[in-house]
Amino acid sequence: AQRVTQPEKLLSVFKGAPVELKCNYSYSGSPELFWYVQYSRQRLQLLLRHISRESIKGFTADLNKGETSFHLKKPFAQEEDSAMYYCALSGHSGNQFYFGTGTSLTVIP
Amino acid sequence: DVKVTQSSRYLVKRTGEKVFLECVQDMDHENMFWYRQDPGLGLRLIYFSYDVKMKEKGDIPEGYSVSREKKERFSLILESASTNQTSMYLCASSSPSGNRGNTQYFGPGTRLTVL
């Protein structure tokens, strides 16, 4: 069963424009949601977790349990935000971990 | 900072060869994972391990096996490499008891080409 869905494979926005990367999930119970980012020629790294409710590099993501969504947002995109973004879900023990197929974000100067 | 290292960044092997990919983490994490990363398919879990000598199949275990003899080391084995196993392989570790929850920490990846 598809646990994490990222509907957009590719997303292009202009510098300074708002950006939203969509993520929907299906999971029974209370999952932990993450956004990971992979910049060119770098390793995959954590961007943010829903539990910490933090803003990292201007990005935020709110867990909407009613819509089972965890969309990633930034009000003003920067060129350095160009990267591959993965939404991910973990079960409570961490033994279950599911990634979406990723969205490649390009910020056009 | 958590450090996850992988034995090779690039590897070229021939069809039928036995291939070993090694991963080491230095944060005493219980959980370790092997994924393959392919364009358009995202990350797909091959195997994971939640303790020494324990392993569980992921979504695509066929053609792979794993070994975890020590807590810090998790090896992925391709018994007889095939061209459809050409991919980027990522190792990760996590600990449910850490202050970052179940956050996974990734190695730099091994790009394997099977000719």
Side-chain angles (χ1 to χ4, degrees), chain A residues 1-11 21-25 27 29-54 56 61 63 70 83-105, chain B residues 1-6 8-10 23 25 27-51 54-60 68 74 87-111:
Chain A
Q2 183 72 23
R3 303 282 186 175
V4 181
T5 303
Q6 293 180 251
E8 304 133 331
K9 286 193 185 309
L10 303 170
L11 186 63
L21 289 82
K22 292 185 168 50
C23 173
N24 289 90
Y25 68 91
Y27 188 79
S30 297
E32 192 173 352
L33 274 295
F34 305 81
W35 276 99
Y36 282 80
V37 61
Q38 190 169 31
Y39 301 104
S40 180
R41 289 185 289 279
Q42 293 188 28
R43 69 178 67 192
L44 197 60
Q45 59 187 286
L46 176 70
L47 182 61
L48 53 80
R49 308 159 58 208
H50 90 271
I51 284 178
S52 53
R53 302 182 68 81
E54 57 200 343
I56 304 292
L63 179 60
F70 188 55
M84 179 69 84
Y85 291 81
Y86 292 96
C87 182
L89 173 158
S90 171
H92 176 69
S93 65
N95 288 350
Q96 298 168 310
F97 212 97
Y98 306 98
F99 281 86
T101 51
T103 297
S104 177
L105 174 66
Chain B
D1 270 356
V2 176
K3 194 141 187 211
V4 180
T5 57
Q6 295 183 228
S8 306
R9 291 300 304 272
Y10 300 94
C23 175
Q25 51 95 3
M27 282 299 291
D28 202 37
H29 282 173
E30 294 88 346
N31 300 332
M32 294 189 75
F33 306 79
W34 275 107
Y35 296 91
R36 59 178 286 175
Q37 183 182 31
D38 299 288
L41 298 177
L43 274 72
R44 293 180 292 167
L45 181 64
I46 303 171
Y47 269 97
F48 70 93
S49 169
Y50 53 89
D51 202 351
M54 306 303 286
K55 61 185 179 185
E56 292 285 343
K57 292 180 180 179
D59 296 322
I60 52 164
R68 194 164 179 204
F74 192 35
S87 185
M88 173 69 87
Y89 289 88
L90 301 182
C91 175
S93 72
S94 72
S95 173
S97 57
N99 60 5
R100 298 288 279 176
N102 290 314
T103 300
Q104 293 202 350
Y105 296 87
F106 283 85
T110 296
R111 184 165 293 283

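Just the heavy atoms: all of them, side chains too, but no hydrogens, waters or symmetry mates, feed the values below. Here is the naming used below: chain letters follow the sequence lines, and residue numbers restart at 1 for every chain. Keep in mind the model is a prediction, meaning the values are calculated, not measured.
Contacts between B:Leu43 and chain A at a heavy-atom distance below 4.5 Å involve backbone atoms as well as side-chain atoms. Contacts of B:Glu56 with chain A are absent, with no heavy-atom separation under 4.5 Å from either backbone or side chain. Neither the backbone nor the side chain of A:Gln45 has a heavy atom closer than 4.5 Å to any heavy atom of chain B.
Summarising the local packing, CZ of B:Arg44 is surrounded by more than 12 heavy atoms from other residues, nucleotides or ligands at distances under 6.0 Å.
Looking at A:Phe99 and A:Leu44, their side chains come closer than 4.5 Å, going by heavy atoms from C-beta outward.
Taking the six-membered ring wherever Trp is involved, the centroid distance between the rings of A:Phe97 and B:Phe48 does not fall below 6.0 Å.
No hydrogens or angles considered: a donor-acceptor pair under 3.5 Å links the side chains of B:Asp38 and B:Ser87.
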